[in-house]
Amino acid sequence: MVTPHACALLVLGQFGPGGSIGDRFGGANVPRLPDSPLAARRLFEEPLPLTILLVAAAVIVWFILGRAGKQRPALIAAGALVLAAAIPIILAAAVQTTGERLRAQSKDLVDAVAAGDVSRVDGLLRSDVTVRPWSSLTHDGVLALVGADMRSQYAVKEQEVLESRAAIDGPNAARTQLHVRVVPESAAAGGPVASWWILFWAKSSADNQWRVVAIECQQIDVIGNPAEVHLRDGG
């Protein structure tokens, strides 16, 4: 059995005897959220592959037309392709997609929990947030544990988001999936531990801000199924 004081540890998956990323489970069987649409991803979120492709095409066109003695058409075609290659970079710098924003906020939540920053955590959670599979853990309970335990016995030396995905389910609903790795400060807590989480987001009509309405732990290395961890009242 695990007391409520262990919940702060579980928030970042920092539970269990030792272990390291990839131990026993590693997330191979964790269902992944679907990728964002390819066109939007290539134009706004991951422009480098498209940019490299267009630059490569410019070089090839320049080489082929140049060898054929068509210097002017080669210059025009290659120049147009190079200009086109710059467009995804410009768009990516100018536009932040909802998925990018929520992945950034998800990382901020991980960092805030690891730092024991109650104010930052509170700003990212809705007041009725739920935690699965530990339904007894409420909004106030999360804040209390983050403010106490994450600054003391469950302090984190370093944390890293190894992978993140975002799925936009509607204009006011979305999910992010995180693969988180933490290294506890205490040597007694063992080595690095990785875990998988899904954050359910809702956009407020009052201030247009996205906040977490539910947190679901999919897997904790060394434990595997988080439902096997039972919480009970008491210290």
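Remember, it's a predicted structure, so these values are computed and weren't measured experimentally.
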Participant: Find out whether the Lys NZ or Arg CZ of Arg126 is both under 6.0 angstrom from the six-membered ring centre of Phe200 and within 45° of the ring's axis.
Facilitator: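 Not flagged: Arg126 not positioned over aromatic ring of Phe200.
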Participant: Under the criterion side chain to side chain contact (heavy atoms under 4.5 Å, CB included), which of Ile220, Val183, Val180 is the partner of Val193?
Facilitator: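 Only match with Val193 under side chain to side chain contact (heavy atoms under 4.5 Å, CB included): Ile220.
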Participant: So, do Val113 and Leu109 sit near enough that their side-chain heavy atoms are less than 4.5 Å apart?
Facilitator: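 Answer yes - side chains close enough.
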Participant: Would Arg32 and Glu163 count as a side chain to side chain contact (heavy atoms under 4.5 Å, CB included) here? Give the steps.
Facilitator: CA-CA 10 Å; Arg32 306 298 202 269; Glu163 180 182 345; 3.8 Å; yes
Participant: Considering residues at least two apart in sequence or located in another chain, which fulfil the side chain to side chain contact (heavy atoms under 4.5 Å, CB included) criterion with Thr98?
Facilitator: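 For Thr98, the residues satisfying side chain to side chain contact (heavy atoms under 4.5 Å, CB included) (neighbours in sequence not counted) are Leu102, Ile168, Trp210.
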Participant: Do you know which of Leu54, Leu50, Leu48 makes side chain to side chain contact (heavy atoms under 4.5 Å, CB included) with Ile52?
Facilitator: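 Option passing the side chain to side chain contact (heavy atoms under 4.5 Å, CB included) with Ile52: Leu48.
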Participant: Under the side chain to side chain contact (heavy atoms under 4.5 Å, CB included) rule, collect the residues that match up with Val129, sequence neighbours excluded.
Facilitator: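 For Val129 the side chain to side chain contact (heavy atoms under 4.5 Å, CB included) partners, ignoring immediate neighbours, are Leu125, His139, Val212, Ile215.
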Participant: Pair Thr138, Val142 - check side chain to side chain contact (heavy atoms under 4.5 Å, CB included), show working.
Facilitator: CA-CA 6 Å; Thr138 64; Val142 170; over 6 Å; no
Participant: Could you list the donor-acceptor pairs under 3.5 angstrom formed between side-chain atoms of residues 69-94 and any protein atom two or more places apart in sequence or on another chain?
Facilitator:
{"unit_1": "Gln71", "atom_1": "NE2", "unit_2": "Gly66", "atom_2": "O", "d": "3.2"}

Participant: Would Trp196 and Glu216 count as a side chain to side chain contact (heavy atoms under 4.5 Å, CB included) if you check the C-alpha gap in whole Å, the side-chain angles of each, and the deciding distance to 0.1 Å?
Facilitator: CA-CA 9 Å; Trp196 289 85; Glu216 179 181 338; over 6 Å; no
Participant: If you look at every heavy atom in Ala214 and Arg132, which pair is closest and at what distance?
Facilitator: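 Minimum heavy-atom contact is CB-NH2, 3.7 Å.
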Participant: Nearest heavy-atom pair of Ala112 and Val146: which atoms, and what distance?
Facilitator: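 In terms of heavy atoms, the two residues are closest at O-CG1, 4.4 Å.
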Participant: Could you tell me whether the side chain of Trp201 reaches within less than 4.5 Å of the side chain of Leu199, counting heavy atoms only?
Facilitator: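 Yes. Closest side-chain heavy atoms under 4.5 Å.
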Participant: Where is the tightest heavy-atom contact between Leu143 and Val118, given as atom of each residue plus distance?
Facilitator: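 Closest approach of Leu143 to Val118: O-CG2, 3.7 Å.
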Participant: Mind checking what makes side chain to side chain contact (heavy atoms under 4.5 Å, CB included) contact with Asn208, not counting sequence neighbours?
Facilitator: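 Asn208 satisfies side chain to side chain contact (heavy atoms under 4.5 Å, CB included) with Lys203 only.
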Participant: Determine the minimum heavy-atom distance between Thr176 and Ser106, stating which atoms define it.
Facilitator: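 Where Thr176 meets Ser106 most closely, the heavy atoms are OG1-OG, 2.8 Å.
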Participant: For residues Arg211 and Ser204, report the shortest heavy-atom separation together with the two atoms involved.
Facilitator: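 Where Arg211 meets Ser204 most closely, the heavy atoms are NH1-CB, 3.9 Å.
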Participant: Which pairs count as side chain to side chain donor-acceptor pair (under 3.5 Å) when at least one residue sits in residues 107-119, sequence neighbours excluded?
Facilitator: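 Counting only pairs at least two positions apart or across chains, the side chain to side chain donor-acceptor pair (under 3.5 Å) contacts touching residues 107-119 are Lys107-Asp111, Asp108-Arg120, Asp111-Gln159.
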Participant: Name all residues meeting the salt bridge (Lys or Arg N to Asp or Glu O under 4.0 Å) criterion together with Asp122; count only those two or more places apart in sequence or in a different chain, and write none if there are none.
Facilitator: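 By the salt bridge (Lys or Arg N to Asp or Glu O under 4.0 Å) rule, Asp122 matches no residue at all.
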Participant: List the atom of Leu178, the atom of Ser164, and the distance in Å for their closest heavy-atom pair.
Facilitator: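 Scanning both residues, the minimum pair turns out to be CD2-CB, 3.7 Å.
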Participant: Would you compute the distance between atom CD of Glu160 and atom NE2 of His179 and round it to the nearest 0.5 angstrom?
Facilitator: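 Going from the CD atom of Glu160 to the NE2 atom of His179 covers 10.0 Å.
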Participant: Is it true that the side chains of Gln177 and Gln218 contain a donor and an acceptor less than 3.5 Å apart?
Facilitator: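 Distance-only check passes for Gln177 and Gln218.
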Participant: Report whether Ile198 and Val110 are members of the same hydrophobic cluster (ILVMFWY, side-chain heavy atoms less than 4.5 Å apart, transitive linking).
Facilitator: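 They do not share one cluster, since no chain of ILVMFWY contacts under 4.5 Å joins Ile198 to Val110.
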